[in-house]
**Q** 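My questions will all concern the structure given below.
This is a predicted model, so every value here is computed, not measured.
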Amino acid sequence: MPPFFESLRQLGPWLADRGEPPFRAAQIRRWLLERQADDWGSMTDLPSQLRDALADAFPLWTTRTIRRATADDGTEKLLLGLADSRSIESVLIRGSKESKEKTDSSAVPKATCTFCISTQVGCGMGCRFCASGLDGLERNLTTGEIVEQILKLQQLLGGNERLAHLVLMGIGEPLANLDAILPALKWIRNILSARRITLSTVGLPTAMDRLARECPDYRLAISLHAPNDRLRNELVPVNAKVGGLPKILAAADRYFAASGRRLTFEYVLLGGVNDLPEHAKQLARLLAGRTAFVNVIPYNPVAGLPFQQPTAKSQKTFRRILEESNIQVRFRLRKGDQIHAACGQLRQDARHA
Ligand code: SAH
């Protein structure tokens, strides 16, 4: 039998073959998704013979935690070892923007958390300012490896915390690995609605169209980083190969038409490179009329790369120009940079260990 999370559809037929009642599958799902079970033996409301048989049939975990780092702001980063000795990183971000939100089922408000997970080992997109792609793509993650990251992060939650957002913004390009990602996300939707799941992409039009066709329920964030093709070709080398900004924005518009969900455009501000007033003006013109907002991420320094952080003044001007053009804008807080868990920094430790 393959490891359990690799083939989530194998459980139903296996239970049926053994003559187990259908509700067993839901019991097991609850243990794994909601009760943070770490092994089959701890699922105490299953008959012990069944627990033993499950343990014989299905190895549960293929990943193991190699290292766990915590920053002062509560952000935690897991370095997970994979079965083939490669490694990836996954991040738990505490206190997302809705921390005062109340859950329906409980009188006590739970603090909300965001999980940021990886989708590939390395990355083939080659964005010049990002640590994840420095060594290129090693391989896609499997469905099981994607699910396991989420469950391992969930095991870090305290009793007064809950998963509120899942973002595919760790290492890798999610839209280059949809075959593995879509089944994993479908399973996770048992505990988290699709509108709380964000796929972040460098902008791959063919895959964006596939997502629009097969599952337009997720939020889509498009990493733009430049308001014109000349600059974008330099910063995001895959840009030219996929037909540049016109093709990407057209695919984004089709996704919006299919999903009705506001699009997010991400923009890493690199000091002196893409943070000038003329860039903000061009960006405002590019996005005018779209139901979208811009998530500006001040560059997080990556060891060995030649980029500078934007000055406070350039950030302020950039923001003002977008706001005056009626573009909705949000500046992303730097969380976890102390432990190299901030955007674009993942794998930095592993590479420089
Ligand atoms: N491949 C996907 C998802 C992973 S990157 C994508 O490109 O969207 C997640 C976000 O972090 C992207 O917007 C990416 O451009 C940004 N990022 C990468 N390196 C960064 C850095 N050094 N500082 C700040 N943000 C960075």
**Q** If we ignore hydrogens and angles and just use 3.5 Å, is the side chain of Arg195 paired with the main-chain N or O of Asp217 as donor and acceptor?
**A**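 Checking the backbone N and O of Asp217 against the side chain of Arg195, no donor-acceptor pair under 3.5 Å is found.
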**Q** Under a 3.5 Å threshold, yes or no: a donor from one side chain and an acceptor from the other, between Asp209 and Thr206?
**A**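 No pair is found: no donor N or O on one side chain lies under 3.5 Å from an acceptor on the other.
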**Q** Decide yes or no for Thr198 and Thr264: does some side-chain heavy atom of the first lie under 4.5 Å from some side-chain heavy atom of the second?
**A**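 Sidechains of Thr264 and Thr198: no contact.
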**Q** Hey, are Glu148 and Lys152 close enough for a salt bridge, meaning a charged N less than 4.0 Å from a carboxylate O?
**A**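 Here Glu148 does not pair with Lys152 in a salt bridge, since their nearest N and O are not under 4.0 Å apart.
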**Q** Between Asn274 and His225, is there a donor-acceptor pair closer than 3.5 Å when you use the side chain of the first and the backbone of the second?
**A**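 Judged by distance alone, yes, a pair lies under 3.5 Å.
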**Q** Roughly how far, to the nearest 0.5 Å, is CD1 of Ile188 from CD of Gln149?
**A**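 Taking CD in Gln149 and CD1 in Ile188, the distance rounds to 10.5 Å.
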**Q** Under the side chain to side chain donor-acceptor pair (under 3.5 Å) rule, what do Arg30 and Gln27 come out as? Steps first, then yes or no, please.
**A** CA-CA 5 Å; Arg30 215 171 307 124; Gln27 268 178 311; over 6 Å; no
**Q** State the CZ-CE distance between Arg35 and Met43, to the nearest 0.5 angstrom.
**A**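 If we round to the nearest 0.5 Å, Arg35:CZ and Met43:CE are 10.0 Å apart.
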**Q** Is there a side-chain contact between Phe5 and Leu32 (heavy atoms, below 4.5 Å)?
**A**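 Yes, side chains in contact.
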**Q** Taking a hydrophobic cluster as the set of Ile, Leu, Val, Met, Phe, Trp and Tyr residues connected by side-chain heavy atoms closer than 4.5 Å, whether directly or through intermediates, do Phe293 and Ile197 fall within one such cluster?
**A**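 No: no chain of side-chain contacts under 4.5 Å links Phe293 to Ile197.
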**Q** Answer yes if the side chains of Ser200 and Glu266 hold a donor-acceptor pair under 3.5 Å, and no otherwise.
**A**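 Distance-only check passes for Ser200 and Glu266.
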**Q** Is it true that the side chains of Asn228 and Gln282 contain a donor and an acceptor less than 3.5 Å apart?
**A**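 Asn228 vs Gln282: donor-acceptor pair found between side chains.
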**Q** Are Glu161 and Lys110 close enough for a salt bridge, meaning some N to O gap below 4.0 Å?
**A**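 Looking at Lys110 together with Glu161, the answer is no, because their closest N to O distance does not fall below 4.0 Å.
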**Q** Tell me if a side-chain donor or acceptor on Asn140 pairs with a main-chain N or O of Gln120 at a distance below 3.5 Å.
**A**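 Checking the backbone N and O of Gln120 against the side chain of Asn140, no donor-acceptor pair under 3.5 Å is found.
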**Q** When you measure from the side chain of Thr317 to the backbone N and O of Lys313, does any donor-acceptor pair fall under 3.5 Å?
**A**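 Yes; at least one donor-acceptor contact below 3.5 Å.
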**Q** Between Trp187 and Leu199, is there shared hydrophobic-cluster membership here, with clusters defined by ILVMFWY side-chain heavy atoms closer than 4.5 Å?
**A**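 Cluster IDs for Trp187 and Leu199 match.
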**Q** Less than 4.0 angstrom from a charged side-chain N to a carboxylate O is my criterion; do Asp179 and Arg210 meet it?
**A**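 Here Asp179 pairs with Arg210 in a salt bridge, since their nearest N and O are under 4.0 Å apart.
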**Q** Are more than 12 heavy atoms from other residues, nucleotides or ligands located less than 6.0 Å from atom CD of Glu278?
**A**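 More than 12 within 6.0 Å, yes.
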**Q** Over all heavy atoms of both residues, which pair between Tyr218 and Arg261 is shortest? Give the atoms and the distance, please.
**A**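 Closest approach of Tyr218 to Arg261, heavy atoms only: O-CD, 3.9 Å.
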**Q** Are Val273 and Leu235 side-chain neighbours, meaning at least one heavy-atom pair lies under 4.5 Å?
**A**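 Answer yes - side chains close enough.
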**Q** For the residue pair Phe58 and Trp40, categorise the inter-ring angle as parallel (less than 30°), tilted (30 to 60°) or perpendicular (more than 60°).
**A**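 It falls in the tilted class, 30° to 60°.
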**Q** Determine the sole option in Glu34, Arg196, Arg162 for which the side-chain contact (heavy atoms from CB on, under 4.5 Å) test with Ile191 is passed.
**A**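 That would be Glu34; it is the only one of Glu34, Arg196, Arg162 passing the side-chain contact (heavy atoms from CB on, under 4.5 Å) with Ile191.
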**Q** Are a donor atom and an acceptor atom from the side chains of Tyr267 and Arg332 found within less than 3.5 Å of each other?
**A**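 Result is no, nothing qualifies.
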**Q** To check you understand the geometry: which heavy-atom pair defines the closest contact between Val294 and Leu287, and what is its length?
**A**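 Looking at all heavy atoms of both residues, the closest pair is CG2-CD1, 3.5 Å.
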**Q** Is it the case that the side chain of Ser325 and the backbone of Ile321 share a donor-acceptor pair, with hydrogens and angles ignored and the cut-off at 3.5 Å?
**A**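 The answer is yes, because a donor-acceptor pair under 3.5 Å joins these two groups.
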**Q** Go through it in stages, so that I can follow the logic: the residues are Ile327 and Leu283, the test is side chain to side chain contact (heavy atoms under 4.5 Å, CB included), and I'd like the CA-CA distance, side-chain angles, deciding distance and then a yes or no.
**A** CA-CA 9 Å; Ile327 302 286; Leu283 183 62; over 6 Å; no
**Q** Would Arg290 and Asp253 satisfy side chain to side chain contact (heavy atoms under 4.5 Å, CB included), going step by step from the backbone distance to the final call?
**A** CA-CA 8 Å; Arg290 291 192 161 84; Asp253 291 342; 2.8 Å; yes
**Q** Do Thr62 and Leu82 have side chains that get closer than 4.5 Å, going by heavy atoms?
**A**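 Result no, sub-4.5 Å side-chain heavy-atom pair not found.
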**Q** Assigning hydrophobic clusters by single linkage (Ile, Leu, Val, Met, Phe, Trp, Tyr; side-chain heavy-atom cutoff under 4.5 Å), is Ile117 placed with Leu137?
**A**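 No, separate clusters.
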**Q** Is there a donor in the side chain of Asp275 and an acceptor in the side chain of Gln315, or the other way round, less than 3.5 Å apart?
**A**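 There is no such pair between these side chains.
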**Q** For Ile93 and Cys113, what are the C-alpha separation, side-chain angles and deciding distance, and is it a side chain to side chain contact (heavy atoms under 4.5 Å, CB included)?
**A** CA-CA 6 Å; Ile93 303 148; Cys113 293; over 6 Å; no
**Q** Leu92 and side-chain contact (heavy atoms from CB on, under 4.5 Å): which single residue from Leu78, Thr70, Thr75, Leu157 fits?
**A**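 Option passing the side-chain contact (heavy atoms from CB on, under 4.5 Å) with Leu92: Leu157.
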**Q** Are Leu182 and Met208 linked, directly or through other ILVMFWY residues, by side chains that come within less than 4.5 angstrom of each other?
**A**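 Per the 4.5 Å side-chain linkage, Leu182 and Met208 are co-clustered.
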**Q** Is the distance between the ring centroids of Phe4 and Trp61 less than 6.0 Å?
**A**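 No: the rings miss the under 6.0 Å criterion.
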**Q** Side chains of Phe318 and Leu269, heavy atoms from C-beta outward: is any pair under 4.5 Å?
**A**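 They are in side-chain contact.
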**Q** Nearest 0.5 angstrom please: Glu214 CD to Leu178 CG, how far?
**A**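 Here the interatomic distance stands at 7.5 Å.
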**Q** Give me the atom names and distance for the closest heavy-atom approach of Pro59 to Ala57.
**A**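 Looking at all heavy atoms of both residues, the shortest contact is CD-O, 3.7 Å.
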**Q** State plainly whether one hydrophobic cluster holds both Val238 and Leu249, where clusters connect Ile, Leu, Val, Met, Phe, Trp and Tyr through side-chain heavy atoms under 4.5 angstrom apart.
**A**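 In one cluster with Val238: Leu249, yes.
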**Q** Between Ser90 and Leu80, what is the shortest heavy-atom contact and its length?
**A**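 Here Ser90 and Leu80 meet closest at OG-CD1, 3.8 Å.
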**Q** Is Arg94 salt-bridged to Glu76, going by a charged N under 4.0 Å from an acidic O?
**A**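 Salt bridge between Arg94 and Glu76, a charged N being under 4.0 Å from a carboxylate O: yes.
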**Q** Roughly how far apart are His279 NE2 and Ser314 OG, rounded to 0.5 Å?
**A**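 So the NE2 of His279 and the OG of Ser314 are separated by 11.0 Å.
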**Q** Under a plain distance cut-off of 3.5 Å, with no hydrogens placed, do Thr143 and Glu6 share a side-chain donor-acceptor pair?
**A**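 Checked: Glu6/Thr143 side chains show no N/O donor-acceptor pair below 3.5 Å.
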**Q** Step by step, would you call Asn295 with Val329 a side chain to side chain contact (heavy atoms under 4.5 Å, CB included)?
**A** CA-CA 6 Å; Asn295 206 345; Val329 55; over 6 Å; no
**Q** Please find the pair of heavy atoms, one from Val236 and one from Cys127, that lie closest to each other, and give the distance.
**A**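 Val236 and Cys127 have their closest heavy atoms at CG1-SG, 4.0 Å.
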**Q** With a 3.5 Å distance limit and no angle check, can you tell me whether Asn177 reaches the backbone of Leu141 through a side-chain donor-acceptor pair?
**A**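 Checked: pair present.
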**Q** Kindly indicate whether the side chain of Val268, heavy atoms from C-beta on, has any atom under 4.5 Å from the side chain of Phe307.
**A**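 The answer is no, as the side chains (C-beta and beyond) never meet within the 4.5 Å cut-off.
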**Q** May I ask you to decide whether Arg139 forms a salt bridge with Glu145, counting only side-chain N to carboxylate O separations under 4.0 Å?
**A**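 Looking at Arg139 and Glu145, the cut-off is met.
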**Q** Please report the shortest heavy-atom distance between Ser223 and Arg232, naming the atom on each side.
**A**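 In this case the closest contact between Ser223 and Arg232 is O-NH2, 2.6 Å.
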**Q** Answer whether the closest heavy-atom distance between the side chains of Leu166 and Leu185 falls below 4.5 Å.
**A**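 Yes - at least one pair of side-chain heavy atoms lies under 4.5 Å apart.
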**Q** If we ignore hydrogens and angles and just use 3.5 Å, is the side chain of Ser118 paired with the main-chain N or O of Glu89 as donor and acceptor?
**A**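 At least one qualifying donor-acceptor pair exists.
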**Q** When you compare the side chain of Glu173 with that of Leu204, does any pair of heavy atoms fall below 4.5 Å?
**A**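 Yes, at least one pair of side-chain atoms sits under 4.5 Å.
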